[in-house]
Protein chains: 2
Amino acid sequence: MAATLHDVAKLAGVSIKTVSNVVNAYPHVRPATRERVQAAIDELGYQPNISARSLRSGRSGVIGLVLPELSLSYFAELADAVIAEAEKHGLVVLIEKTGASRDHEIAVLSSPRMRLTDGLIFSPLGMGQEDVAHLAVDYPLVLLGERIFGGPVDHVTMRNVEAARAATESLIAAGRRRIAVIGAHEGEVVGSAALRLAGYEEALAAAGIALDPDLVTFTTLWHRANGAASMRELVQSGTPFDAVFGLNDALALGALRVLQEEGLRVPEDVAVIGFDDIEESAFTVPSLSSIDPGRTQIAAEAVEILVRRIGEGGGRPSEPREVLVDFAVVERESTRGPESRAPRVEGARPGSQDSAATGV
Amino acid sequence: MAATLHDVAKLAGVSIKTVSNVVNAYPHVRPATRERVQAAIDELGYQPNISARSLRSGRSGVIGLVLPELSLSYFAELADAVIAEAEKHGLVVLIEKTGASRDHEIAVLSSPRMRLTDGLIFSPLGMGQEDVAHLAVDYPLVLLGERIFGGPVDHVTMRNVEAARAATESLIAAGRRRIAVIGAHEGEVVGSAALRLAGYEEALAAAGIALDPDLVTFTTLWHRANGAASMRELVQSGTPFDAVFGLNDALALGALRVLQEEGLRVPEDVAVIGFDDIEESAFTVPSLSSIDPGRTQIAAEAVEILVRRIGEGGGRPSEPREVLVDFAVVERESTRGPESRAPRVEGARPGSQDSAATGV
DNA sequence: GTGAAAGCGCTAACAT
DNA sequence: ATGTTAGCGCTTTCAC
């Protein structure tokens, strides 16, 4: 049913090689021939068969993106950015979600389902440093996140420690001294939680503020509900505090809600800052200060590096690269005084590029 | 480099057919042979080449999902659900985003990039009823959304009119009479905006409330910022109102924020209800009442129908199906009186299934 | 500048 | 129960 190179060749009265040359924009084709072939292509509505091309050339034009979960805003926005970047390179994106399960993550790395991709952008959450060996795969792979460092692959990550330190410092600069942390992970050494906690501790130390363990709350999950629960516990414990650092925005948002339920004023009584700068944070009441970790830059770098690796082919690969992107402290109402509340609602953030009319 | 059927066959001392039989779990293989082949597979780390399989069999095990944008919570949560459903059928999902552009949507339908998928789940936002002919493609296609009806393809959609009517009725039942609408689309006849507005009008008519055009505000985009802007205009216009129906949650959330900026109490002065029931709505202050439009059911039905169509093969296709999923009114603080505020924060919603530990 | 032919790795007929 | 063989549609030498 679908037209093939042969059909086009027959109709145009040339060989399939010539048709192939036209399809692939090979320069040395006589204009007259090209025109005739193009006419035949249009008439038959010819579409190249990607499987056949891929089988022969070893390239599918598809890259894989492996994420914990799409319904978390951070990852949804990351995926959106990756798809946009991939499109610039003429690539489409196959998304696999792992549910942050270590086993699932490891399985995906050697899954034949992923074999039709030219390379993978891999964002694990369950795997840890001890799994570094699993990353030694025989296809292009770019690692994201902060679960594994120093692996045999290119790695794009954010400046967790510095950014968390900057977040904490912004609270200290506003005169806060009793800064609670929401979302620490017990005993973790690498991983977002550990790194961000380290940044928090650095900031306190630099300001000469003693670390009060009672102010550090733990939760494995980083959803709104966990932030809310931690906050409620902290309030009920009676431990005094004048600021909250949510290790991600969802946690901070959950905490924000509970603070208000409890009748505490934000930021007058308690200042709140998050991490991730998801779109939602600009629209809550009060709007949430946060760290923009450079999400779009991460997506751009990851795709760029992957494309370069794919282009390298099987040749002796160059050294794995470790890329750190820039971050920014985004101050909003939850840390600024109420006097500076204008403009009260921000417009569309520049980060959410090419968002055309989109209902539902 | 990568092992092929031939390599495995040679090592196991059998023919490639036998290896193929083992790989594809063909039942009539002697246990001893199967074991020997499996050993060879393991030893060589054999992975079937999907492109070759796909070229030969015409199936890739990949389905496409075409969406306006992933950074909108509704679509992110929908994509998440589709991926989960697809996985149950052993399929992976290729996501393409269109930015809600009509041209992009039409182009995707005939894009060779999508030709390696076995079928498509297609959620347009730019195309309209006049584009119905573009849906007559020669591969399995399931249409989502409410831009086009009665097309030549299976269609899974929500009960927009009934659900919007129920939302409005819940406000009326709470004693509200001056119900503003945020997000209407000028002159639209089909599409989410038009259908939901129709439901609103039905509810008013049924309750004997005259429609006041001043209460219906228009905005093309359905982001938080648009809801905020519309709300601000309405407040400043001086038009009295005691309730707001946001045609999606993002609009309602933007409105919710402005209402509070303006010193209006929700729900005491103004009750607010949205549409979509995105995860975030349970965690705002106050939490947002909404319509759960049956998102997970939509994903499940869409994948199910697509899988069946793919299975049908080229045979005479059965009639296109039109599937309507169930909705539910989710009442939260923004419409309930404050006396019923407990429990104050909901736990993880059952809708967000299989969300394991997920940081960042 | 264009054509002929080989073969990528696999599945599906058909044979045995 | 297992082997043989013929392509799927394309790209890629290598001729001409």
Side-chain angles (χ1 to χ4, degrees), chain A residues 1-38 40-41 44-62 112-118 138-139 313-314, chain B residues 1-38 40-41 44-62 112-118 138-139 313-314:
Chain A
M1 26 193 275
T4 75
L5 277 187
H6 282 98
D7 302 329
V8 177
K10 198 179 300 173
L11 182 61
V14 297
S15 82
I16 66 166
K17 177 58 173 37
T18 305
V19 181
S20 176
N21 283 341
V22 171
V23 170
N24 296 299
Y26 181 69
H28 302 296
V29 178
R30 221 171 335 141
T33 317
R34 157 164 279 119
E35 223 165 285
R36 203 148 34 89
V37 171
Q38 189 58 53
I41 288 176
L44 294 172
Y46 168 76
Q47 302 271 7
N49 179 314
I50 305 287
S51 299
R53 174 180 290 177
S54 160
L55 171 60
R56 185 62 238 223
S57 69
R59 295 277 166 76
S60 62
V62 180
R113 303 220 311 255
M114 279 288 157
R115 288 312 228 156
L116 87 169
T117 61
D118 294 339
D138 60 356
Y139 52 83
Chain B
M1 24 192 274
T4 74
L5 277 188
H6 282 98
D7 302 329
V8 177
K10 199 178 300 173
L11 182 60
V14 296
S15 83
I16 65 165
K17 180 60 187 7
T18 304
V19 181
S20 176
N21 284 341
V22 171
V23 170
N24 296 300
Y26 182 68
H28 303 295
V29 178
R30 222 177 328 151
T33 318
R34 157 163 280 120
E35 223 165 283
R36 201 146 39 88
V37 171
Q38 190 56 53
I41 288 176
L44 295 172
Y46 168 77
Q47 302 272 5
N49 179 316
I50 305 287
S51 299
R53 174 181 290 178
S54 159
L55 172 60
R56 183 62 239 225
S57 69
R59 296 277 166 75
S60 62
V62 181
R113 303 219 312 254
M114 279 289 156
R115 288 313 228 151
L116 87 167
T117 61
D118 294 338
D138 60 356
Y139 51 82

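Letters A, B, ... mirror the listed sequences (proteins, then strands); counts begin at 1.
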Is B:S15 close enough to D:dG3 that one of its side-chain N or O atoms is under 4.0 Å from OP1 or OP2 there? yes
Does D:dC10 have its OP1 or OP2 closer than 4.0 Å to a side-chain nitrogen or oxygen of A:S54? no
Grab the [atom1]-[atom2] distance between [X] and [N] for me, whole Å please.
X	N	atom1	atom2	result
B:L116	D:dG9	CG	P	15 Å
A:Y26	D:dT12	OH	P	11 Å
B:E35	D:dA1	CD	P	17 Å
A:H28	C:dG3	NE2	C1'	17 Å

Can you check whether A:D118 reaches A:V62 side chain to side chain, under 4.5 Å on heavy atoms? no
Run the numbers on B:Y46 and B:L5 for side chain to side chain contact (heavy atoms under 4.5 Å, CB included), then give the verdict. CA-CA 8 Å; B:Y46 168 77; B:L5 277 188; 3.5 Å; yes
Are any side-chain N or O atoms of B:N24 and backbone N or O atoms of B:N21, one a donor and one an acceptor, separated by less than 3.5 Å? no
Side chain of B:T33 only, heavy atoms from C-beta on: which candidate in D:dG3, D:dT2, C:dG1 is closest? D:dT2
Rounded to the nearest 0.5 Å, how far does CZ of B:R59 lie from CD1 of B:I50? 14.0 Å
Return the OG to CZ distance between B:S20 and B:R53, rounded to the nearest 0.5 Å. 8.0 Å
Would you check if there is a donor-acceptor pair between the side chains of B:S54 and A:S51 at a distance under 3.5 Å? yes
Given protein heavy atoms under 4.0 Å, the one-letter contact record of nucleotides 9-16 of chain C, with B base, S sugar-phosphate only and - none, is simply BBBBB---
